[in-house]
There are 2 protein chains.
Amino acid sequence: MDVDIRLLRTFAAVAEEGSLTRAAERLFVSQPALTKQIRQLENRLGVPLFVRSRAGMTLTAAGRALAARAPGLLADWDAALRETRRTASRAERVLRVGYLASAANEATPRIVAEFTRRHPGWRVDMLHATWSDPTAGLGAGDVDAALLRLPFPGQERLRVAELSTEPRWVALPSAHPLADRAEIAFRELWDEPFVAAPAETGRWRDYWLAADEREGHPVRIGAVVDHPDDWLSAIANGYGVALAPESTARFYARPGIVYRPVSGVSPSRIGVGWAPEDDGNPVVRDFVRCCRENT
Amino acid sequence: MDVDIRLLRTFAAVAEEGSLTRAAERLFVSQPALTKQIRQLENRLGVPLFVRSRAGMTLTAAGRALAARAPGLLADWDAALRETRRTASRAERVLRVGYLASAANEATPRIVAEFTRRHPGWRVDMLHATWSDPTAGLGAGDVDAALLRLPFPGQERLRVAELSTEPRWVALPSAHPLADRAEIAFRELWDEPFVAAPAETGRWRDYWLAADEREGHPVRIGAVVDHPDDWLSAIANGYGVALAPESTARFYARPGIVYRPVSGVSPSRIGVGWAPEDDGNPVVRDFVRCCRENT
DNA sequence: CCACATCCATTCCATCAGGTTATGGAAGCA
DNA sequence: TGCTTCCATAACCTGATGGAATGGATGTGG
């Protein structure tokens, strides 16, 4: 009669979406998998949770009772796991720092060096995040701090200190007609296909498509990627262009790709983030201070 | 990074017992299974939770953090499942009643008939419990009410109304030297091997061994059984004798077994139990009233 | 001092649960 | 009638899980 947490997550997703098909997309599994999971949950509880119809999945009274509790249970559960991880890394004297490829730059080694100088015996683990998680593991509590690009979705629930800004440039295939220009106006890129981050990154994706600075002009998506290497390949292969912070030109120089300054887009901001629970954590505070003093 | 509830239960058991071996016994699985589960939990969290030694399993700091939260999480989880089931059975107009074989007697059909007369459209599901759960499913929230033998472990957390008492008799193999006596004094049975309920039923098991009424005389266990049929077989096969309520003599008459009155033991009490959450539930209250008025 | 008991870890194996793809069936819509 | 949109089912494959037997380390008692 034991029910897996995964089943509860599935249930919550289906209850929210009102549809197996849509929930399946959101959870990145096939629809039949959810059919089975929901039925399994119903069997283990001995209670029907949904009424099936062509219109979708509608909650029964019992389903509503469970749906009302599910978010709280899941949140408590995740909080307990986070707390456990935090305890562990403190006990081991390890500071876990997530970073987005594009947010780690020349300052990073200085920051880490300064931190370890101030905290002998401590180790800094730098954990590389994919673009599908713009919080670089902070949102899930996998890290104690993170070097990020602002803004990102979920920012309200975390603490963030802005460290620096950089102009945004554009990455182009070298064969691109604009590739030999010294500087490019953003409006000239409006009709170009763009290489974008996965859709679930929401606001972050929009920011890098500069969706707000197109004066209503629609975005064309040429490819969706999740990782710097794929990003570079997609651009080199001519699937599209992409905005990128200036430092990317130095860190990800590659044959087949050129980087050019862009006018008419706001600069990118780099920040360091941490969880509100760590406001009083001297180690995290010190790491943030090192970030501030070394950028 | 999703962690199964089962792993948390395992973890809680191991943390409490301080030993894989003992926890394995308690959970009715093999010790290697727990070795694997604990390791899996540690891997998924990326955090060591125990320090292994020949003395057993000792919690690390992170392990203590998780152990502190685990009971609450598990309790919330179980409460949510209970609530969901309760909602379902109310919506379906089904009253689920658990019963111990020995607690259902001649009154039961009258109770159910009276209840369905007062609640047309409702159905009563009678669910038979094994002796390893003297709460007949109430403790786990599987039923809305239960017909029980008092006292039983966990009684404090439930509501109970006593319905009637019955003298306790003894069930003997027909070949037993005492089998042709009209009545037996309990002290004559002190040295007999007894057929007992599983050890995890604690107080309930002790009650049926009349452990308190032996004036310190130790109990001899001849067999452990979980089900009326096994119980009858064990007695008929001469593995031991057992106390039983008088009505058992009528419900479980069988060749090879005789029932005899016993003097010197307290009578057995039958009760109806329900969950405190249902104090305000008119259907459950009515069922309890039907029990009271029909015994 | 050696046999023994007590722990946890490891290995091997059988089983089952979970996922995927492909397909079916029902119902609204044009 | 054909198309789309739901969920259910079937067939298949992989990997996780649990059990039995065994190993290794470490105290303990005669």
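Below, read A as the first sequence line, B as the second, and so on, with proteins coming before strands; counting in each chain starts at 1. Computed from a predicted model, the values in this text were never measured in an experiment.
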**Prompt:** Expressed in angstrom and rounded to an integer, what is the separation of A:Leu20 atom CG from D:dC6 atom C1'?
**Reply:** 9 Å
**Prompt:** Would A:Glu25 and A:Thr21 count as having a side-chain donor-acceptor pair, cut-off 3.5 Å?
**Reply:** no
**Complete:** Among the nucleotides D:dA8, D:dA21, C:dG19, whichever has the atom closest to the side chain of B:Pro32 is D:dA21
**Item:** Value in whole Å for how far the C1' atom of D:dG18 lies from CG of B:Leu7
**Value:** 13 Å
**Request:** Could you tell me the separation between the CG atom of B:Leu34 and the P atom of C:dT10, rounded to a whole number of Å?
**Result:** 15 Å
**Asked** Just how far, in rounded Å, is P of C:dG18 from CD of A:Gln37?
**Response** 8 Å
**Message:** Please determine whether a side-chain nitrogen or oxygen atom of A:Gln31 lies at a distance below 4.0 Å from atom OP1 or OP2 of D:dT5.
**Reply:** no
**Message:** Between the side chains of A:Glu156 and A:Arg203, is the shortest nitrogen-to-carboxylate-oxygen separation below 4.0 Å, so that they form an ion pair?
**Reply:** yes
**Fill in**
Picking from D:dC6, C:dT10, D:dA8, the nucleotide nearest the side-chain atoms of B:Thr35 would be C:dT10
**Request:** Rounded to the nearest 0.5 Å, what's the gap from CG on B:Leu73 to CZ on B:Arg9? Could you check?
**Result:** 10.5 Å
**Contact under 4.0 Å: A:Ser19 side-chain N or O vs D:dT5 OP1/OP2** = no
**Request:** Figure out the CD1/P separation between B:Ile38 and C:dC7, and round it to whole Å.
**Result:** 16 Å
**Message:** Over 60° means perpendicular and under 30° means parallel, so tell me whether A:Phe11 and A:Phe50 are parallel, tilted or perpendicular.
**Reply:** tilted
**Complete:** Against the side chain of A:Gln40, the closest entry in C:dG18, D:dC7, D:dA10 is C:dG18
**Request:** Measure from the side-chain heavy atoms of A:Lys36 and tell me the nearest of C:dC7, C:dT20, D:dC7.
**Result:** C:dT20
**Request:** Measure the distance from CZ on A:Arg6 to P on D:dG15 and round it to the nearest whole Å.
**Result:** 16 Å
**Rounded distance in Å - CG (A:Asn43) to P (C:dG18)** = 12 Å
**Request:** Establish, with yes or no, whether the OP1 or OP2 oxygen of D:dA8 is under 4.0 angstrom from a side-chain nitrogen or oxygen of A:Arg52.
**Result:** yes
**Prompt:** The side chain of B:Arg22 lies closest to which of these nucleotides: D:dG19, C:dC8, C:dC7?
**Reply:** C:dC7
**Message:** Rounded to whole Å, please give me the gap between CG in B:Leu27 and C1' in D:dT17.
**Reply:** 15 Å
**Prompt:** A:Arg39 has a side chain; which of D:dC7, D:dT9, C:dC8 sits nearest to it?
**Reply:** D:dT9
**Asked** Can you name the closest pair of heavy atoms from A:Leu95 and A:Trp122 and give their distance?
**Response** N-CE3, 3.9 Å
**Fill in**
Against the side chain of B:Thr21, the closest entry in C:dC7, C:dT10, D:dC7 is C:dC7
